[in-house]
There are 2 protein chains.
Amino acid sequence: MDRSAISTAMQDYLKAIWDLTRAGEAAPTSAIAERLEVSAASVSGMLKRLAALELVVHEPYQGARLTVTGRRLALEMIRHHRLIELYLAEALGVPWDRVHEEAEKLEHVISEDLERRMAAHLGDPHFDPHGAPIPRMDGELPPMPGSRTLIEAEAGSPLRVTQVDDDPELLRYLDGHGIGLGTPLEVVTREPFGGPLVVRLGRGECRLGPEAAHRIRVAPHEPQESES
Amino acid sequence: MDRSAISTAMQDYLKAIWDLTRAGEAAPTSAIAERLEVSAASVSGMLKRLAALELVVHEPYQGARLTVTGRRLALEMIRHHRLIELYLAEALGVPWDRVHEEAEKLEHVISEDLERRMAAHLGDPHFDPHGAPIPRMDGELPPMPGSRTLIEAEAGSPLRVTQVDDDPELLRYLDGHGIGLGTPLEVVTREPFGGPLVVRLGRGECRLGPEAAHRIRVAPHEPQESES
DNA sequence: GACGATATTTAGGCACGACGAATTTCAGAA
DNA sequence: TTCTGAAATTCGTCGTGCCTAAATATCGTC
């Protein structure tokens, strides 16, 4: 089964399911529908088709999760997407707020060969500028030691921001607080049940809403290699 | 009317019609069908749709020719195609026998902005490596002084190869005769009705079949600027 | 066990583009 | 002029692909 055997719409569904599966839970129909801006009925229909192709396991009423093949295809598209974004920005100077939509179209049509050449041109990066991991050509994710969301992080140990969701609004918000990729910080207090979170930044402190906190990933703050 | 308003299939039809219109004649249905490997019935159907959009003028039983809008769109796709080919070869080292199929897919999805950036990266070339003119962004062709096919060329005056059809077989054939882009030559004799053509190359001579001769374009051999 | 939220099935629609077969038109030969 | 074969068109259909609203089914919870 290779990508040319499925439509671009199907590829988009697979990507969405991957994104919504993070916590080991199956992706709910409604979440997929919202993400792709289609009706729940459309999602049910598509899940049935994807299940017939053995790209997802569809437990009715329980959502969908990717099969090994589906996951491989989803990661292939995500790899394309992130490499294209990087390449356009780096090699052609396309502004960061425009690379996403361009990549959204290109990711479905580039050949594996071209992808390999773009990656090589970029020095085979493992992470994109937001810290998101770039899947490898074999369909696996690069290792992300100890990574978890800020929501899940324990208080009192030194951390480092390894990834931030690619959302302009969030990026602006964090920028205003002096937080970005690589920023060292430490959780001071965390209120339960979605209260704000206090983190120490250098010698200052700041409060973050829970919304933001679960869209930031952190890892223990020890020296580590290449995270582009 | 812009490209996003029409399907990629329509875009391919417009390109084919442009290619088949060279001599000022309308493109025959059968030629379009052969080129695109579809039935004549499909072409008739599509011509009707394109005519409704005022992209072609369809004189029934007499073939189709592009309207101003149709021509602009066709040239836009051709521009995309040639720039992408050049860019892939030059910036990413994609071998020449593979750029075509890659460009065929990419030409339909790149934005005008990206196209502009690729062109700039290449130094805004006016001709591709086969000497084919690259349409400008305003939808016009760059000037090609005195260009005509070798079949049409008068005997006895110094000429220069300005363009060769992009067909691997033809390229190999000409290579074997020492003919390429920029080669100076002169028609010695030409037999009427499709006989072979004798040309002088430097101090030697060679015979070319008429098939080849009308897929080579030449211009008077005087010094000229930038033809990449 | 009934309710609201969530999901699925059903039935249908629409855009797109292709095809074969039947028919019409054209242009050149007789 | 009339005939004829090639070319083109129309007609009816098919198939893919995706979407939707409405009706129905299921799940989890009180």
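No hydrogens, no waters, no symmetry mates; every other heavy atom, side chains included, goes into these values. To find a chain, count down the sequence lines: A is the first, B the second, and so on, and within it residues start at 1.
- The phosphate of dC18(D) has OP1 or OP2 within less than 4.0 Å of a side-chain N or O from S7(A).
- Contact annotation: R49(B) side-chain N/O to dA15(C) OP1/OP2 distance is not under 4.0 Å.
- Counting any heavy atom pair closer than 4.0 Å across all strands shown, S44(B) reaches a base atom.
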Derivation and outcome, side-chain hydrogen bond (donor to acceptor under 3.5 Å, both in side chains), residues S4(B) and D2(B): CA-CA 6 Å; S4(B) 65; D2(B) 87 328; 2.9 Å; yes

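- Straight-line distance from the CG atom of D12(A) to the P atom of dG17(D): 15 Å, rounded to whole Å.
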Which protein N or O atoms sit under 3.5 Å from an N or O of nucleotides 20-29 of chain D?
residue, atom, partner, partner atom, Å
dT20(D), OP2, S39(A), N, 2.8
dT20(D), OP2, S39(A), OG, 3.0
dT20(D), OP2, S42(A), OG, 2.7

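- Distance, K48(A) NZ to dG17(D) P: 17 Å, rounded to whole Å.
- In this structure, R98(A) does not pair ionically with E85(A), as no charged nitrogen and carboxylate oxygen lie closer than 4.0 Å.
- Considering only side-chain N and O atoms, Y13(A) lies nowhere under 4.0 angstrom from the phosphate OP1 or OP2 of dG17(D).
- If you take CE of M46(A) and C1' of dT8(C), they are 16 Å apart, rounded to a whole angstrom.
- One finds a salt bridge joining K15(B) and E107(B) here, because a Lys/Arg side-chain nitrogen approaches an Asp/Glu carboxylate oxygen to under 4.0 Å.
- Side-chain nitrogen and oxygen atoms of H58(A) include at least one within less than 4.0 Å of the OP1 or OP2 phosphate oxygen of dT8(C).
- Side chains of H130(B) and Q163(B): a donor-acceptor N/O pair is absent below 3.5 angstrom, by distance only.
- In this structure, CD1 of I6(B) is placed 14 Å from C1' of dC16(C), rounded to the nearest angstrom.
- The pair R65(A)-E59(A) does not meet the salt-bridge criterion, since no charged nitrogen lies less than 4.0 angstrom from a carboxylate oxygen.
- Here the C1' atom of nucleotide dA7(D) and the CG atom of L20(B) are 16 Å apart, to the nearest Å.
- Side-chain atoms of E102(A) come within 3.5 Å of backbone atoms of S111(B) as a donor-acceptor pair (strictly under, hydrogens ignored).
- Salt bridge status for E76(A) with R136(A): absent, with no side-chain N to carboxylate O gap under 4.0 Å.
- Rounded to a whole Å, the CD1 atom of I32(A) is 16 Å from the C1' atom of dC19(D).
- The six-membered or imidazole ring of H108(A) lies away from that of H80(A), with a centre-to-centre distance of 6.0 Å or more.
- For the contact set between residues 69-78 of chain A and DNA chain D, defined by any heavy atom under 4.0 Å, there are no members.
- Of the side-chain N and O atoms in S30(B), none sit less than 4.0 angstrom from OP1 or OP2 of dA6(D).
- Under the 3.5 Å distance criterion, with hydrogens and angles disregarded, no donor-acceptor pair is assigned to the side chains of T67(A) and E54(A).
- In this structure, L47(B) places its CG atom 11 Å from P of dA18(C), rounding to the nearest Å.
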